Amino acid sequence: MSDSNVLFNVKNAEMFELASNICEIFDSLDVVSEDETLSSFINDVKTILQKMTEAQKREKPISHSKEADKERDFEWRRVKRVISGYASNALEEIAEHGKALLAVFETIGSDAANKKNAAETGLIESFRQKLSNSEMQSHIDALPGMRETLEKLYEAHENFISLDVEFIQKSAALEGKLSSTALKKQLIFEMNTHILPYLRVMSIAKPDMFAVFSRAVAKSVNRANAVASARRTRRANEKAASGSAENGTEEEKNVAAKALEGLS
């Protein structure tokens, strides 16, 4: 039996899968299911898994609303890029239409995607209203693909509003209920505090009874930990690379400093 505990940075879905697999293995082995202590631990895990399933169902509107908001932000930034591109076009007859739209866009603020959801909703509605008059419509029609780009923004906007309403309506159901993340922590506690320590002892005390189950559990835990460890290492490397790219090496800084001296 491995001495490894479940890592705390496993994701909710990974912990759910790990705990479910262990319960399935337990149910398939009659020899360990006869042990009352282990059976009690496994039943506790099954109870938490059931609560976690219910929590995931409750949290779906939250997840969908967040994804819809990301999509809306993406479309808003795309509109900004397209309008800015047209406004800086070398052909003056194209640029004048782009500049007209850019002037309206800038009254709203290019950082609308960074605002709170309610504020962003109001800004996009205002932008849509300002583009609704015949003059602005003529500018839009003069630019290939501009109307389609705006329609994608409006579609993403309407989708977000619809899902956000659903989220608000179901938010009350979340009050007083444990989240999936909180329940994941309970599963980790049960594994690291009860099941794994018990199996380490019993696989030595009664190897004929616990050896097969202990090895299967250890294999499952090690597999989940490997995924979590690889993710942590990857993120650390990405962070280090990002910091290096931003700050530059000492050699690069020295070259830049000398170049500046030459200009002075």
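Just so it is clear, the structure is predicted and the values come from calculations on it, not from any experiment.
- Judged by distance alone, with hydrogens and angles left aside, the side-chain atoms of Ser203 form a donor-acceptor pair with the main-chain N or O of Leu199 at under 3.5 Å.
- To the nearest 0.5 angstrom, Ile108 atom CD1 is 6.0 Å from Trp76 atom CH2.
- The environment of Glu17 atom CD is sparse: at most 12 non-hydrogen atoms of other residues, nucleotides or ligands sit within 6.0 angstrom.
- Side chain of Asn192 to main chain of Val6: a donor-acceptor pair is present (N/O by atom type, distance under 3.5 Å, no hydrogens or angles).
- Under a hydrophobic-cluster definition in which Ile, Leu, Val, Met, Phe, Trp and Tyr are linked whenever side-chain heavy atoms come within less than 4.5 Å, directly or via other members, Phe41 and Phe189 are assigned to different clusters.
- Sorted pairs that involve residues 79-93 and meet salt bridge (charged side-chain N to carboxylate O under 4.0 Å, His left out), not counting sequence neighbours, are lacking altogether.
- Residues His157 and Glu125 bring a donor and an acceptor atom of their side chains to less than 3.5 Å of each other.
- In this structure, Ile188 is a member of the same hydrophobic cluster as Tyr198, with clusters built from ILVMFWY side-chain heavy atoms closer than 4.5 Å.
- Classified by interplanar angle (parallel below 30°, tilted 30° to 60°, perpendicular above 60°), the ring pair Phe26/Phe213 is perpendicular.
- No side-chain donor-acceptor contact under 3.5 Å links Ser40 to the backbone of Glu36.
- The main-chain N or O of Glu190 is never found under 3.5 Å from a side-chain atom of Thr193 such that the two would form a donor-acceptor pair.
- Scored by the salt bridge (Lys or Arg N to Asp or Glu O under 4.0 Å) test, Lys46 finds Asp27 as partners (sequence neighbours excluded).
- Side-chain contact between Val10 and Leu18 is absent, with no heavy-atom pair separated by less than 4.5 Å.
- Within the 4.5 Å cutoff, side-chain heavy atoms of Ile42 are placed close to those of Ile195.
- A salt bridge links Arg78 to Glu75: one of the charged nitrogens lies within less than 4.0 Å of a carboxylate oxygen.
- Residues Leu187 and Val45 are in side-chain contact: their nearest non-hydrogen atoms beyond the backbone lie under 4.5 Å apart.
- Here the side chain of Ser33 pairs a donor or acceptor atom with the backbone of Asp30 at under 3.5 angstrom.
- Hydrophobic clustering (side-chain heavy atoms under 4.5 Å, transitive across Ile, Leu, Val, Met, Phe, Trp, Tyr) keeps Ile124 apart from Ile161.
- Residues satisfying the ring-ring contact (aromatic ring centres under 6.0 Å, His included) criterion with His139, sequence neighbours excluded, are His97.
- Pairs passing the salt bridge (charged side-chain N to carboxylate O under 4.0 Å, His left out) check and including a residue from residues 131-160, sequence neighbours excluded, read Arg128-Glu158, Asp141-Arg147.
- Only one option out of Asn225, Val227, Asn9 pairs with Glu14 in a side-chain contact (heavy atoms from CB on, under 4.5 Å); it is Val227.
- Residues Ser132 and Gln129 are in side-chain contact: their nearest non-hydrogen atoms beyond the backbone lie under 4.5 Å apart.
- Applying the side chain to side chain donor-acceptor pair (under 3.5 Å) test to Thr121 and every residue at least two apart in sequence or in another chain returns Arg72.
- Looking at residues two or more places apart in sequence or on another chain, you find no ring-ring contact (aromatic ring centres under 6.0 Å, His included) involving Phe8.
- Taking both residues in full, the closest heavy atoms of Met191 and Val217 are given as CE-CG1, 4.4 Å, listed atom of the first, atom of the second, then distance.
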